[in-house]
Engineer: 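My questions will all concern the structure given below.
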Amino acid sequence: MTIKEKADRILGETGLLERLGEIGAPHVIGSYKMDMMAWNDLDIDVENTNMSIEKLYELTDYIIRAFHPKWFEAKEEVTDQGKTVWFQGAEAVIDGELWNFDLWFFDRETIEKAEVYCDSIASRAAKLPGAKERIIGIKRELLKRGLYGYGEGKYISMDVYRAVLEQGITDTEGMLESYVPGENRL
């Protein structure tokens, strides 16, 4: 079973998408949407027209009861543009495997931009033979080496997309030798 097939099963069996749908339309984005999942990580954007701090508290209760997370974070923020957004992040063991969930509650315009970005990357990778496999392989190797994530000297998915799709990098060693983390992210 692929990681995406496992994700589909989890999303279906836990009722997470239905629960999020009570707040706003959920959109599974990121590596899932691009069909380039390298590990157990789900990014879901939810339209926040009906969101409130009270709903964040109710969702927190659901997440804790349904997933029994090992790590959990929830917050309300105001962006530089004055928009209120909410976030819930959790890591939970499901069927013996650690899964990461990032739930963002945004306006429709922000979600549309994320979807366009994902579609663009997937389309570009589909036009370059082997790109999808190289992207997944590099992401997995960076994760294994502790070089993937946010922070000084670490790479994120956007770095890998740029390296493979624009700079022709084909493997992790090439990435480490010639790509500076955070440089001109796509």
Side-chain angles (χ1 to χ4, degrees), residues 1-119 121-122 139 142-143 146 148-152 154-159 161 182 185-186:
M1 183 179 294
T2 67
I3 298 171
K4 188 171 184 181
E5 289 169 338
K6 291 177 186 178
D8 286 334
R9 190 180 57 72
I10 290 168
L11 291 171
E13 289 178 5
T14 64
L16 178 60
L17 289 180
E18 290 81 17
R19 180 67 178 93
L20 294 172
E22 295 172 12
I23 298 169
H27 303 262
V28 186
I29 62 159
S31 297
Y32 176 95
K33 182 170 178 56
M34 294 183 264
D35 196 21
M36 290 191 238
M37 293 184 78
W39 54 82
N40 301 341
D41 180 57
L42 282 169
D43 299 305
I44 304 172
D45 289 351
V46 182
E47 295 178 28
N48 72 357
T49 55
N50 296 318
M51 190 58 168
S52 66
I53 196 68
E54 292 78 19
K55 289 184 181 183
L56 186 70
Y57 296 151
E58 291 170 9
L59 184 60
T60 296
D61 182 61
Y62 165 77
I63 296 291
I64 290 171
R65 290 177 191 270
F67 294 97
H68 308 285
K70 304 290 182 194
W71 169 84
F72 179 83
E73 178 182 8
K75 61 184 174 178
E76 176 185 61
E77 296 180 338
V78 177
T79 67
D80 293 340
Q81 297 81 26
K83 296 178 182 180
T84 301
V85 298
W86 294 267
F87 170 78
Q88 284 199 344
E91 289 183 349
V93 176
I94 301 172
D95 296 331
E97 296 181 330
L98 186 66
W99 280 83
N100 180 72
F101 297 85
D102 291 331
L103 311 175
W104 284 97
F105 300 83
F106 291 123
D107 60 80
R108 180 71 189 128
E109 178 185 350
T110 301
I111 294 171
E112 286 174 354
K113 287 178 183 176
E115 290 179 322
V116 166
Y117 173 80
C118 290
D119 291 342
I121 295 299
K139 286 173 150 186
L142 291 172
L143 183 66
Y148 184 89
Y150 289 96
E152 186 73 27
K154 292 195 175 187
Y155 299 88
I156 63 171
S157 293
M158 287 184 276
D159 294 321
Y161 305 145
R185 290 184 170 151
L186 289 176

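Everything numeric in this text was worked out from a predicted model, so none of it was measured.
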Engineer: Say you draw a straight line from CG of Asn48 to CD1 of Ile23; how long is it, rounded to the nearest 0.5 Å?
Structural biologist: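 These two atoms lie 10.0 Å from each other.
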Engineer: Side chains of Phe72 and Thr60: closer than 4.5 Å at any heavy-atom pair?
Structural biologist: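 Side-chain contact under 4.5 Å: yes.
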Engineer: With a 6.0 Å cut-off (strictly less than), is the heavy-atom count around NZ of Lys83, excluding the residue itself, greater than 12?
Structural biologist: yes
Engineer: Could you tell me whether a side-chain N or O of Glu115 sits under 3.5 Å from a main-chain N or O of Ile29, the two making a donor and an acceptor?
Structural biologist: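 Judged by distance alone, no pair lies under 3.5 Å.
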Engineer: Between Ser157 and Met34, is there a side-chain heavy-atom distance shorter than 4.5 Å?
Structural biologist: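 Result no, sub-4.5 Å side-chain heavy-atom pair not found.
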Engineer: Is the ring pair Trp39/Tyr148 parallel, tilted or perpendicular, if the boundaries are 30 and 60 degrees?
Structural biologist: perpendicular
Engineer: Taking Ile10's backbone N and O only, do any of them form a donor-acceptor pair with Asp95's side chain (distance below 3.5 Å, no angle check)?
Structural biologist: no
Engineer: Would Ile3 and Asn40 count as a side-chain contact (heavy atoms from CB on, under 4.5 Å) here? Give the steps.
Structural biologist: CA-CA 7 Å; Ile3 298 171; Asn40 301 341; 3.6 Å; yes
Engineer: Measuring from atom CG of Leu142 to atom OH of Tyr155, what distance do you get when rounded to the nearest 0.5 angstrom?
Structural biologist: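 With rounding to 0.5 Å, CG (Leu142) is 7.0 Å from OH (Tyr155).
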Engineer: Atom CH2 in Trp71, atom CZ in Phe101: separation rounded to 0.5 Å?
Structural biologist: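 Interatomic distance, Trp71 CH2 to Phe101 CZ, rounded to 0.5 Å: 12.0 Å.
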Engineer: Which pair of heavy atoms, one from Pro69 and one from Ala90, lies closest together, and at what distance?
Structural biologist: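 Taking Pro69 first and Ala90 second, the nearest heavy atoms are CB-CB, 4.0 Å.
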Engineer: In terms of side-chain geometry, is the basic nitrogen of Glu5 or Arg9 positioned less than 4.0 Å from the acidic oxygen of its partner?
Structural biologist: no
Engineer: Are the side chains of Leu42 and Met37 in touch, meaning some heavy atoms are under 4.5 Å apart?
Structural biologist: yes
Engineer: Any side-chain heavy-atom pair from Thr110 and Thr79 closer than 4.5 angstrom?
Structural biologist: no
Engineer: Would you say Phe106 and Glu112 make side-chain contact, with heavy atoms under 4.5 Å?
Structural biologist: no
Engineer: Which heavy atom of Lys154 sits nearest a heavy atom of Gly149, and at what distance?
Structural biologist: CB-O, 3.3 Å
Engineer: When you compare the side chain of Val28 with that of Leu17, does any pair of heavy atoms fall below 4.5 Å?
Structural biologist: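 Counting from C-beta outward, Leu17 and Val28 do come under 4.5 Å.
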Engineer: Show me the pairs that pass salt bridge (Lys or Arg N to Asp or Glu O under 4.0 Å) and involve residues 32-52, at least two apart or across chains.
Structural biologist: Lys33-Asp119, Asp35-Lys132, Glu47-Arg108
Engineer: Please report the closest heavy-atom contact between Leu20 and Val46, naming both atoms and the distance.
Structural biologist: O-CG1, 4.0 Å
Engineer: Compare all side-chain heavy atoms of Leu103 with those of Trp86 and state whether any distance is below 4.5 angstrom.
Structural biologist: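 A side-chain contact under 4.5 Å is absent here.
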Engineer: Is the ring pair Phe67/Tyr62 parallel, tilted or perpendicular, if the boundaries are 30 and 60 degrees?
Structural biologist: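 Geometry flag for Tyr62 against Phe67: perpendicular rings.
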Engineer: Does this structure show an ion pair linking Glu58 with Lys55, if we count only N-O contacts that are shorter than 4.0 Å?
Structural biologist: no
Engineer: Would you call Leu59 and Phe105 a side-chain contact if the rule is heavy atoms closer than 4.5 Å?
Structural biologist: yes
